[in-house]
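Please read the structure below before turning to the comments.
Just so we're on the same page: letters track the sequence lines, and every chain starts at 1.
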Protein chains: 2
Amino acid sequence: MAQARNTNVISAFPTRRHNHGRCVSTAIESAERVSEARGARFTAIRRRVLELVWASHEPVAAYELLDRLKLEKSNATPPTIYRALEFLLENGLIHRIESLNAYVGCGNPENEHNGQFLICTRCGVVAELGCDSIDGAVRERAGELGFTVESHTVEIQGICESCGKTTR
Amino acid sequence: MAQARNTNVISAFPTRRHNHGRCVSTAIESAERVSEARGARFTAIRRRVLELVWASHEPVAAYELLDRLKLEKSNATPPTIYRALEFLLENGLIHRIESLNAYVGCGNPENEHNGQFLICTRCGVVAELGCDSIDGAVRERAGELGFTVESHTVEIQGICESCGKTTR
DNA sequence: AGCGGTTTTGTAATATTATATCAATATTGG
DNA sequence: CCAATATTGATATAATATTACAAAACCGCT
């Protein structure tokens, strides 16, 4: 019983030695369920791009994904990647980090949400929060001004706990 | 006594008929004071780009600024604009809206801050908040996870009060 | 299996956003 | 005025993203 419901971590900063294969396989299985449920086609390209996004917990740029995909699919072009990214975004399987023009796997694709992201400027790793207190503060203040919230982008730059402990 | 200190609006949604010349002249005067205080040079190009950013309350893209600047300075090139934007950002005179790759004037340049932005997806206008409750929620949650906040990007998409009242 | 409509992918071209580099000019402090 | 520094000019190129149209794959139906 570690987390209060209203401040749950969707995808925490991973330990150096976590079983990352498990992150990937969980993400793929989730994606299969989400696609199935929506009648969306989780094609080979889309699956592979999702795996590439999940290669780490650091956001990946579109052209990095393209370079990697080209290694195994030499006819891949920018639209190949951008179409796959569009599909993955639409289905909530990845998030775009606006301040980095880069993409990161979503840790909880089975629930629709706008995440909040903690971005470590030292190691590049991103953690995702599904934090109702931040979301609430946003909606409350917006509401006071007569503004109806549709979505939000919350990206927090700083130093993660693990990097904070090491010498600069 | 309308605003509580911790939720002040730095730059509200403007009325259609506000005196916009006043927004611009205030911004320029502020910029002069800020530059003076910092020993920074508020050159003609920088001043003009700031005026162009302040042409409206909608974020402006870099190449739009370039096109406008070229009308009066035909040798302007991308670096002309990007250098001016860099100066204005460094000195807190404008903000970059990450989700739009665009720039908007800062309503309170004399106090250093990370703003929060309400972006109307109907009319394109942006309001800036300096909202301690959002900032506090962010810092609190980050702190619980051992994350040290350096800066944040908070961009809220939705419909402003005035657009919400008109027929879709 | 065959057909027709729809979605996905292939391919080429281009648009948009941003930076690197180095030379020339302007400004500042001494 | 000189020398150091900051700013601007000019060219090239990098990085990110989209448009357009044709070909192929897939799906539901018979």
Side-chain angles (χ1 to χ4, degrees), chain A residues 31-32 34-50 52-53 58-91 93-104 124 153 155, chain B residues 31-32 34-50 52-53 58-91 93-104 124 153 155:
Chain A
E32 282 167 350
V34 168
S35 301
E36 170 72 24
R38 296 188 173 210
R41 294 194 216 159
F42 191 49
T43 65
I45 293 177
R46 291 163 177 178
R47 171 186 305 255
R48 188 69 187 116
V49 172
L50 182 58
L52 292 173
V53 169
E58 297 174 45
V60 192
Y63 276 71
E64 285 180 56
L65 292 169
L66 178 56
D67 289 343
R68 290 176 201 173
L69 188 61
K70 270 184 177 164
L71 297 177
E72 51 202 65
K73 183 170 166 51
S74 59
N75 67 343
T77 62
T80 312
I81 290 295
Y82 282 102
R83 286 165 180 161
L85 291 173
E86 183 182 21
F87 174 90
L88 297 170
L89 287 168
E90 274 172 359
N91 289 284
L93 302 169
I94 61 174
H95 293 286
R96 176 175 161 85
I97 306 297
E98 298 291 348
S99 57
L100 297 173
N101 294 339
Y103 305 83
V104 70
T153 300
E155 299 173 9
Chain B
E32 282 168 350
V34 168
S35 301
E36 171 72 25
R38 297 190 173 208
R41 294 195 217 155
F42 191 50
T43 64
I45 293 176
R46 290 164 178 176
R47 171 187 304 256
R48 188 69 189 117
V49 172
L50 182 58
L52 292 173
V53 169
E58 297 175 45
V60 193
Y63 276 72
E64 283 180 58
L65 293 168
L66 178 55
D67 290 343
R68 290 177 201 173
L69 187 61
K70 270 184 177 165
L71 297 177
E72 50 201 68
K73 185 173 163 49
S74 60
N75 67 341
T77 61
T80 312
I81 290 296
Y82 281 102
R83 286 164 179 161
L85 291 173
E86 184 182 20
F87 174 91
L88 298 169
L89 286 168
E90 275 171 358
N91 290 285
L93 302 170
I94 61 173
H95 294 285
R96 177 176 159 83
I97 306 297
E98 298 290 348
S99 57
L100 297 172
N101 294 338
Y103 304 83
V104 71
T153 300
E155 299 173 8

Quiz item: Between D:dG9, D:dT18, C:dT9, which nucleotide gets closest to the side-chain atoms of A:Ile45?
Solution: C:dT9
Self-check item: Position toward the 5' end of DNA chain D (nearest nucleotide), A:Asn101 or B:Ala40
Solution: B:Ala40
Quiz item: Nearest-Å distance, CD1 (B:Ile81) to P (D:dT7)?
Solution: 16 Å
Quiz prompt | Sole candidate of A:Leu85, A:Leu88, A:Leu52, A:Ile97 that passes side-chain contact (heavy atoms from CB on, under 4.5 Å) when paired with A:Tyr103 | solution = A:Leu85
Self-check item: Contact pattern, 5' to 3', of nucleotides 21-30 of chain C - B, S or - by protein heavy atom under 4.0 Å
Solution: B-----SS--
Exercise. Identify which nucleotide among C:dT9, D:dG9, C:dA18 has an atom closest to any side-chain atom of A:Arg46, counting heavy atoms from C-beta outward.
Key: C:dT9
Quiz prompt | Donor-acceptor contact present, side-chain B:Thr80 to main-chain B:Thr77, <3.5 Å | solution = yes
Exercise. Give the nucleotide from the list D:dT8, C:dT9, D:dA17 with an atom nearest to the side chain of A:Arg96.
Key: D:dA17
Exercise. Spell out, as yes or no, whether a donor-acceptor pair under 3.5 Å connects the side chain of A:Arg48 to the backbone of A:Leu69.
Key: no
Quiz item: Which sits closer to the 5' end of DNA chain C, A:Phe87 or B:Pro78, going by the nucleotide each is nearest to?
Solution: A:Phe87
Practice problem: State, to 0.1 Å, how close B:Val104 and B:Pro59 come at their nearest heavy-atom pair, and which atoms those are. | Solution: CB-CA, 4.3 Å
Practice problem: Starting at atom CD of A:Glu86, determine the distance to atom C1' of C:dT8, rounded to an integer number of angstrom. | Solution: 12 Å
Exercise. Ignoring backbone atoms, test whether A:Tyr82 places a side-chain nitrogen or oxygen under 4.0 Å from the OP1 or OP2 oxygen of D:dA17.
Key: yes
Exercise. Kindly state whether the pair B:Tyr63 / C:dT17 counts as stacked, where counting means centroids closer than 5.5 Å and planes tilted less than 30° apart.
Key: yes
Exercise. Under 4.0 Å between any heavy atoms, over every strand shown, what does B:Thr77 touch: base, sugar-phosphate, or nothing? Just pick one.
Key: base
Quiz prompt | Minimal non-hydrogen separation, A:Glu155 against A:Ser99, with atom names | solution = OE1-OG, 2.5 Å
Quiz item: Just by distance, do the side chain of B:Arg46 and the backbone of B:Arg41 share a donor-acceptor pair under 3.5 Å?
Solution: yes
Quiz item: Is there side-chain contact between B:Leu93 and B:Phe87, with heavy atoms separated by less than 4.5 Å?
Solution: yes
Quiz item: Between D:dA17, D:dA10, C:dT17, which one does the side chain of B:Asn75 approach most closely?
Solution: D:dA10
Quiz item: What integer distance in Å separates A:Glu90:CD from C:dT7:C1'?
Solution: 13 Å
Exercise. Take atom CG of B:Leu66 and atom P of C:dA18, then tell me their distance rounded to the nearest Å.
Key: 12 Å
